[in-house]
Amino acid sequence: MSTQTLLVREGATDTQILEHLRAVLRSNFEIEPGRITLQANLFSDLDLDSIDAVDLAIKLQELTGKRIKPEDFKGIRTIGDVVGTVRRLLAT
């Protein structure tokens, strides 16, 4: 079963979304899971750059099966913002 199917089928709690994000960030950006908290800033705390942000947006699209509008992604600064965005995408 794919991650997308699992999240959609189970209704994805914020904790589940956070755990999936930790796995994505660890495997794709080599970020230690302990650094990935809801308050962590993607850029200043986790050292992502603009290219990484684009890669993360693509991973989120794969995770949710839905396209993220560029204007929606521009407002994302923290892991908590990412969790909220994923939750909204899964709800639509």
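A quick note: this is a predicted structure, and the numbers were derived from the prediction, not measured.
Using modelled atom types, no side-chain atom of Arg87 and backbone atom of Ala12 make a donor-acceptor pair closer than 3.5 Å.
Distance check, rounded to the nearest 0.5 Å: CD of Glu32 to CZ of Arg26 gives 8.5 Å. We find the CG-CG distance between Leu63 and Leu89 to be 9.5 Å, quoted to the nearest 0.5 Å. The distance from the CG atom of Leu42 to the CG atom of Asp49 is 11.5 Å, given to the nearest 0.5 Å. Note: Lys59 NZ to Leu25 CG = 11.0 Å, rounded to the nearest 0.5 Å.
The cluster map of Ile, Leu, Val, Met, Phe, Trp and Tyr, joined by side-chain heavy atoms under 4.5 Å apart, puts Ile58 and Leu48 in different clusters. Under the 4.5 Å side-chain heavy-atom criterion for ILVMFWY residues, no single connected hydrophobic cluster contains both Ile31 and Val54.
Using a cut-off of 4.0 Å between Lys/Arg side-chain N and Asp/Glu carboxylate O, Lys74 and Glu71 are scored as not salt-bridged.
In this structure, the side chains of Leu46 and Ile79 come closer than 4.5 Å at one or more pairs of heavy atoms. Residues Glu19 and Gln16 have side chains not in contact (no heavy-atom distance under 4.5 Å, counting atoms from C-beta outward). A heavy-atom distance below 4.5 Å is found between the side chains of Phe29 and Leu56. Side chains of Asn28 and Asp55 form no contact here, defined as non-hydrogen atoms less than 4.5 Å apart.
Partner of Ile76 under the side chain to side chain contact (heavy atoms under 4.5 Å, CB included) criterion, out of Val83, Ile68, Thr85: Thr85 alone.
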